[in-house]
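Structure first, commentary second.
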Amino acid sequence: MKDEKPTLDHFFAQVYAVVRLVPPGRVTSYGAIAKYIGSARSSRMVGWAMNGSHAVKPKVPAHRVVNRNGLLTGKHHFATEHDMQRLLEKENVIVKDDQVVEFKRLFWDPSTELL
DNA sequence: CGATTGACGTACG
DNA sequence: TCGTACGCCAATC
C-alpha cells in the first residue's frame, strides 16, 4: 500500500463518491461531506469540488447537495437557477423559496446513513 | 507575487 | 439570537 496523503484530488474523489451515493429524494450538506471525509472546515473545498462535478463521469447529482441551512446556494451554477429546484422537486423534494422543505427530515448524512 | 473571491461552516462575543 | 471573525485552499484579478 502507499501512503494515503490527504491530497485535494483524493478529497475531490471522495466528495464525488459520497454525492453519487446520495439516494433520490434525499439531500446532504457540504459540511456533512467535508466532515465525513475528515475536513469539516474544508466545506468550501466541497463546494469548489462540485464546481468541477459537471466534468466528472458519471455525472454527480450536485442538486442534492445544499448548504447547512438547506438553502440552494449553488443553484446559480446550474444551467438555470430553476433547474436545481426542479430536479429536487422531481425527486419528491419540496423546495420553497430556494429552501428545502423538511430539510431536516430529508437530510442524508453519510456518517450516519452510509456508515 | 499579493489581494480578493467563493456552491460553507464553526467559533466567539 | 444575531453579527462578526476566522479557517480552508484553490482560482481569479
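Worth knowing before you read on, the calculation uses all heavy atoms, side chains too, and leaves out hydrogens, waters and symmetry mates.
Looking only at side-chain heavy atoms (C-beta outward), Leu72(A) and Leu88(A) come within less than 4.5 Å of each other. Using a 4.5 Å heavy-atom cutoff, the side chains of Val56(A) and Arg20(A) are in contact.
Heavy atoms only, all atoms of each residue included: Val19(A) and Pro61(A) are closest at O-CG, 3.4 Å. Contact between Ala34(A) and Val46(A) at its shortest, heavy atoms only, is CB-CG2, 3.6 Å.
Contacts classified as side chain to side chain donor-acceptor pair (under 3.5 Å) and involving residues 65-78 of chain A (residues at least two apart or in different chains) are given here: Lys75(A)-Asp98(A), His76(A)-Glu81(A). For residues 16-51 of chain A, there are no ring-ring contact (aromatic ring centres under 6.0 Å, His included) pairs, not counting sequence neighbours. Applying the ring-ring contact (aromatic ring centres under 6.0 Å, His included) definition to pairs two or more places apart or across chains, those involving residues 81-105 of chain A are Phe103(A)-Phe107(A). Applying the salt bridge (Lys or Arg N to Asp or Glu O under 4.0 Å) test to residues at least two apart or on different chains, the pairs with a partner in residues 83-97 of chain A are Arg64(A)-Glu91(A).
Going from atom NE2 of His63(A) over to atom C1' of dA7(B) covers 14 Å, rounded to whole Å. Taking atom NZ of residue Lys75(A) and atom P of nucleotide dA7(B), one finds them 13 Å apart after rounding to whole Å. Asn51(A) has its CG atom 9 Å from the C1' atom of dG6(B), to the nearest Å. What separates CE of Met50(A) from C1' of dA10(C) is a distance of 16 Å, to the nearest Å. Following rounding to the nearest Å, Phe11(A) (CZ) and dC9(C) (P) show an atom-to-atom distance of 9 Å. Remark: P of dG9(B) and CD1 of Ile37(A) are 13 Å apart, rounded to the nearest angstrom.
Shown here are the ring pair (Phe, Tyr, Trp, His ring centres under 6.0 Å) partners of Phe78(A), two or more places apart in sequence or in another chain: there are none. For the side chain to side chain contact (heavy atoms under 4.5 Å, CB included) test, residues two or more places apart in sequence or in another chain that qualify with Trp108(A) are Val18(A), Leu21(A), Val22(A), Pro23(A), Arg26(A), Thr28(A), Pro110(A), Glu113(A), Leu114(A). With sequence neighbours left out, the side chain to side chain contact (heavy atoms under 4.5 Å, CB included) criterion links Leu106(A) to Val27(A), Val93(A), Val100(A).
Taking a 4.0 Å limit (strictly below) on heavy-atom distances, residues 19-27 of chain A does not reach DNA chain B anywhere. Only His77(A), Phe78(A), listed by number, bring a heavy atom of residues 77-95 of chain A to less than 4.0 angstrom from any atom of DNA chain B.
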Between the protein and nucleotides 11-13 of chain C, are there any N/O to N/O pairs under 3.5 Å, and if so, what are the atom names and distances?
none

Within the sub-3.5 Å range, which N or O atoms of nucleotides 1-7 of chain C have a protein N or O partner, and how far apart are they?
residue, atom, partner, partner atom, Å
dG7(C), O6, Arg44(A), NH1, 2.6
dG7(C), O6, Arg44(A), NH2, 3.0
dG7(C), N1, Arg44(A), NH1, 3.1

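Considering only side-chain atoms of Asn67(A), the nucleotide from dA10(C), dG9(B), dA7(B) that sits closest is dG9(B). With distances taken from any side-chain atom of Ser53(A) to the nucleotides dA10(C), dG9(B), dA7(B), the minimum falls on dA7(B).
Distance check, rounded to the nearest 0.5 Å: OG of Ser111(A) to CD1 of Ile37(A) gives 11.5 Å.
When the P atom is used for both dC6(C) and dA3(B), the distance is 16 Å, rounded to whole Å. Here, dT4(C) and dA7(B) have their C1' atoms 22 Å apart, quoted to the whole Å. dA5(C) sits 15 Å from dT4(B) when the P atoms are compared, rounded to a whole Å.
The hydrophobic cluster containing Val101(A) also includes Ile94(A), under a criterion of side-chain heavy atoms closer than 4.5 Å among ILVMFWY residues, counted directly or through chains of members.
One hydrophobic cluster, built from ILVMFWY side chains closer than 4.5 Å, holds both Met50(A) and Ile33(A).
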